[in-house]
Amino acid sequence: MSTSDVTKEGIRGARPGREAMTGAVSDGHRSRESPDRGRGGGSEFRSYYDQPVLNQITWKPQDIGGYLFLGGLAGASSVLAAGADLTGRPDLARPLRYTALGAVSGSLAALIHDLGRPERFLNMLRVIKWTSPMSVGTWILVCYGPLAGAAAVSQATGILPGAGRLAGLGAGAIGPAVAAYTAPLICNTAVPAWHEGYREMPFVFVGSGAAAAGGMGMITAPVGQAGPARRAGVVGSALENAAVATMERRMGMIAEPYKQGRGGALMRAAKVLTIGGAVGALVGGRSRTVSAIAGAALVAGSACTRFGVFKAGQDSAADPKYTVVPQRQRIRDRERAAAQEGGDGGEQGAQDPAGD
Amino acid sequence: MALDEQSGVRTGVPESAADPQDDRPRMGFFTDTSVCIGCKACEVACKEWNLVPEDGLDFTAMSFDNTSGLGADTWRHVAFIEQRAPLGAQETNLGRPEGAPDSVDLGMPSFDLPGAYTGEDERGEFRWLMSSDVCKHCTHAACLDVCPTGSLFRTEYGTVVVQEDICNGCGYCVPACPYGVIDQRKDDGRVWKCTLCYDRLGEGMEPACAKACPTDSIQYGDLDELRERADERLRNLHEHGIGSAQLYGRDPDDGVGGDGAFFLLLEDPEVYGLPPDPVVTTRDLPSMWRHAGVAAATLLAGITATFLGRRR
Ligand code: SF4
Ligand code: SF4
């Protein structure tokens with residue numbers, strides 16, 4: 001019997017000190033320096049051969065990233081269109097109504113396309129469940145879609161203008177929900193980079209939606225009527241960037257996927273585009289050309305944010321580090337708190353007698 | 001006992017809890033990994049009984065594991081962990097209750113006992129941990145909570161099952177599960193996972209894996225009873241100096257309200273690929289909705305503000 005053998009890390013021949021434990025010593029082998037501790041990189045952790053703990057997200061990035069982006073664009077566009085309508089800016093309201101219809105159709109189509117069984121989409125309407133943001137969101141879309149559609153169709157055809165206006169206002173009222181619900185949708189998972197950002201993600205998403213809708217308004221409306229669109233673009237971009245910064249700060253090491261790799265690149269592109277677009281809206285809003293370019297930057301920046309968030313989520317689910325390290329930390333914090341409480345730690349001690 | 005009393009409260013979900021009127025016992029698994037021999041009979045029995053399609057036998061280059069993790073087509077997964085950890089020589093009969101019958105020599109082909117010709121110090125620097133993983137049938141099941149079609153449901157046995165005629169393959173349950181259990185079958189579009197042999201339970205039979213397990217590492221039964229048995233076993237192992245033995249998923253106060261299928265492990269959970277402190281994501285959902293509500297109101301107020309002040 002040989003005492004050296006081949007392990008994943010290479011050949012190991014050196015024999016550690018012999019401490020037989022079955023029937024003898026207790027927790028001898030639980031030393032924190034065990035060779036099975038995962039790779040370093042600052043946060044030591046162990047895993048099952050570096051396999052992810054979670055199963056991988058089955059959603060396709062184009063579909064669900066697009067669904068998040070278009071949903072935000074549609075919702076915020078409807079709000080902006082309703083305001084434009086109420087304040088007598090028909091040339092801003094019109095294109096935004098078309099945008100809202102186009103975007104919500106695209107969003108729904110992307111969602112359906114992503115299903116494993118698209119023909120069973122209507123099964124979503126069997127139930128309404130508050131615990132499932134996808135269920136709630138589908139019902140929101142079911143209410144919102146027809147209103148956005150009626151507003152746009154009436155606008156285009158001139159049929160029933162009164163009803164069309166009313167529908168547009170209704171869509172504007174539901175618009176914020178359309179723009180916001182996708183944040184709980186992705187955060188209500190075990191994906192670390194999504195779940196841990198659940199406080200800020202809705203603000204990232206509504207900011208991003210407002211920036212995109214403002215950008216669309218700047219591209220399509222004459223500068224004379226696009227004032228609110230420019231301001232929405234600026235405010236949306238500021239909200240989005242501030243929320244992303246807060247989120248990354250709070251998440252600590254779980255924010256890494258937002259800074260590294262393709263997710264990081266997308267998030268940086270989003271930052272450059274939305275800030276650039278906002279600056280363009282502020283200084284060049286009176287120029288048709290600058291407006292259009294800045295508007296396009298805002299729209300593109302919003303899309304980059306959604307795809308970046310999606311990619312960061314995928315990366316965080318694929319690496320066991322983001323699952324194990326924070327959970328271990330949580331256990332340690334709990335144990336420390338229990339130890340400080342003194343006698344209170346008894347129960348925990350029974351569960352993990354070998355804990356150090 | 002029906003389900004955990006807190007079910008509805010913690011997740012705000014009636015769906016995830018059984019009917020409180022229902023006094024049928026909750027059924028589950030206790031998987032005692034300290035006696036698992038890694039024979040994979042459970043994996044095979046599960047595939048056979050549930051007609052789970054073949055999904056490739058690839059050596060993953062990590063030990064003797066050739067299924068690598070739970071998924072749509074692997075409902076029992078035997079993890080193999082090779083460790084440079086001294087366990088001393090393996091002892092049979094460890095932790096056997098007083099008065100239990102002696103172990104039987106199966107007459108396996110061998111000329112001598114393993115290690116009989118090696119010195120004391122040649123033994124025991126290497127150990128294998130084997131563990132048969134499965135869906136935990138959580139008390140607060142994230143997969144069930146997030147399912148938008150109601151395809152996932154809680155059975156009368158307290159288990160969590162997918163209704164394949166309803167699932168539309170939205171895939172939401174996949175990243176929602178904190179254990180990485182449920183997954184989508186690519187060519188089929190729907191998701192699949194352990195049903196705790198729902199069809200066998202109805203006939204009064206135990207699940208196929210438990211039936212096939214030659215060492216009783218997988219035990220099926222009334223969850224309350226299994227928990228007692230597990231506590232007893234843990235006490236025994238601790239008395240015999242195996243201090244690293246720990247129960248996983250047994251505590252009804254943990255982040256998922258306790259598992260319907262829980263484990264006795266000889267190492268930290270993450271070494272087996274299990275999350276050390278899983279929490280059902282829907283625990284934070286009320287707060288998520290509140291934050292989203294404030295964000296939506298912010299959007300409405302913010303865009304309204306863009307129309308105030310100077311005209312154009
Ligand atoms: S382990 Fe995962 S798949 Fe099984 S019941 Fe819990 S959440 Fe659902
Ligand atoms: S994939 Fe099927 S079981 Fe899973 S959440 Fe969607 S509809 Fe429910």
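Chain letters run A, B, ... following the sequence lines, proteins first and then strands; every chain starts at 1.
B:L308 CG to A:T87 OG1: the interatomic distance, rounded to the nearest 0.5 Å, is 9.5 Å. Once rounded to the nearest 0.5 Å, the distance linking OH of B:Y272 with OG of A:S47 reads 14.0 Å.
The closest side-chain heavy-atom distance from A:Y49 to B:E82 is below 4.5 Å. Taking the side chain as every heavy atom from C-beta outward, A:N123 and B:C170 never approach each other to under 4.5 Å. Put simply, the side chain of A:P320 does not reach to within 4.5 Å of the side chain of B:E270, judged on heavy atoms. The side-chain heavy atoms of B:M288 and A:N188, taken from C-beta on, include a pair separated by under 4.5 Å. Using a 4.5 Å cut-off on side-chain heavy atoms (C-beta onward), B:V279 and A:Q327 make no contact. Using a 4.5 Å heavy-atom threshold, the side chains of A:L80 and B:F307 count as touching. Here the side chains of A:F203 and B:V294 are in contact, with some heavy-atom distance below 4.5 Å. A:V324 is listed as a side-chain neighbour of B:P276, based on a closest heavy-atom distance under 4.5 Å.
For chain B, no part of A:A183 is nearby; none of its heavy atoms comes within less than 4.5 Å. In this structure, chain B has heavy atoms under 4.5 Å from both the backbone and the side chain of A:R199. Neither the backbone nor the side chain of B:C173 comes within contact range of chain A, judged by heavy atoms closer than 4.5 Å. Only the side chain of B:T298 comes within contact range of chain A, with heavy atoms under 4.5 Å apart. With a threshold of 4.5 angstrom between heavy atoms, A:Q56 approaches chain B through N, CA, C or O but not through any side-chain atom. With a 4.5 angstrom heavy-atom cutoff, A:A82 does not touch chain B via any of its atoms. Contact annotation for A:F121: only backbone heavy atoms (N, CA, C, O) come within less than 4.5 Å of a heavy atom of chain B.
A salt bridge links A:R334 and B:D277; the closest N-O separation between the charged side-chain nitrogens and carboxylate oxygens is under 4.0 Å.
Between chain B and the residues A:L125, A:V234, A:L239, A:L185, the most heavy-atom pairs under 4.5 angstrom are made by A:L185. Per-residue counts of heavy-atom pairs under 4.5 Å with chain B were compared for A:L122, A:L54, A:V53; the largest is that of A:V53. Contact tally against chain A (heavy-atom pairs below 4.5 Å) for B:A295, B:G189, B:G171, B:A292: the top residue is B:A295. For the set B:G293, B:P275, B:G71, B:G150, the entry with the most heavy-atom pairs within less than 4.5 Å of chain A is B:P275. Here B:T281 is the residue among B:L70, B:T281, B:V146 with the most heavy-atom pairs under 4.5 Å with chain A. Among the candidates A:P52, A:S132, A:A317, A:P176, the residue making the largest number of heavy-atom pairs closer than 4.5 Å to chain B is A:S132. Contact count versus chain B (heavy atoms, under 4.5 Å) is highest, among A:S135, A:G75, A:G83, for A:G83. Of all the listed residues (B:S287, B:A142, B:C177, B:G302), the one sharing the greatest number of non-hydrogen pairs under 4.5 Å with chain A is B:S287. Ranked by heavy-atom pairs under 4.5 Å with chain A, the first of B:V191, B:D165, B:L300 is B:D165. Contact tally against chain B (heavy-atom pairs below 4.5 Å) for A:V235, A:T182, A:L115: the top residue is A:L115. Counting heavy-atom pairs closer than 4.5 Å to chain B, the top-ranked of the candidates A:I57, A:T138, A:V136 is A:V136.
The nearest pair of heavy atoms linking B:V271 to A:R46 is CG2-CZ, 3.5 Å. Of all heavy-atom pairs between A:M134 and B:P148, the closest is SD-CG, 3.8 Å. For A:P133 against B:Y172, the heavy-atom pair with the smallest separation is CD-OH, 3.4 Å. For the pair B:I303 and A:A76, the tightest heavy-atom approach, listed with the atom from each and the gap, is CD1-O, 3.9 Å.
A:N55 places a side-chain N or O within 3.5 Å of a backbone atom of B:I182 that can act as its donor or acceptor partner. Within the 3.5 Å criterion, the main-chain N or O of B:H291 finds no donor-acceptor partner in the side chain of A:Y198. Panel note: side chain A:T131, backbone B:D145; a donor-acceptor pair is recorded below 3.5 Å. Under the 3.5 Å distance criterion, the side-chain polar atoms of A:R120 are left unmatched by any main-chain donor or acceptor of B:N168.
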Q | Test log, rule salt bridge (Lys or Arg N to Asp or Glu O under 4.0 Å), inputs A:R117 and B:D188 | A | CA-CA 8 Å; A:R117 291 285 175 103; B:D188 169 285; 3.5 Å; yes
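Ring geometry for B:W289 against A:W130 counts as perpendicular: the plane angle is over 60°, on a 0 to 90° scale with 30° as the lower cut.
Under the 3.5 Å distance criterion, with hydrogens and angles disregarded, a donor-acceptor pair is assigned to the side chains of B:D65 and A:Y48.
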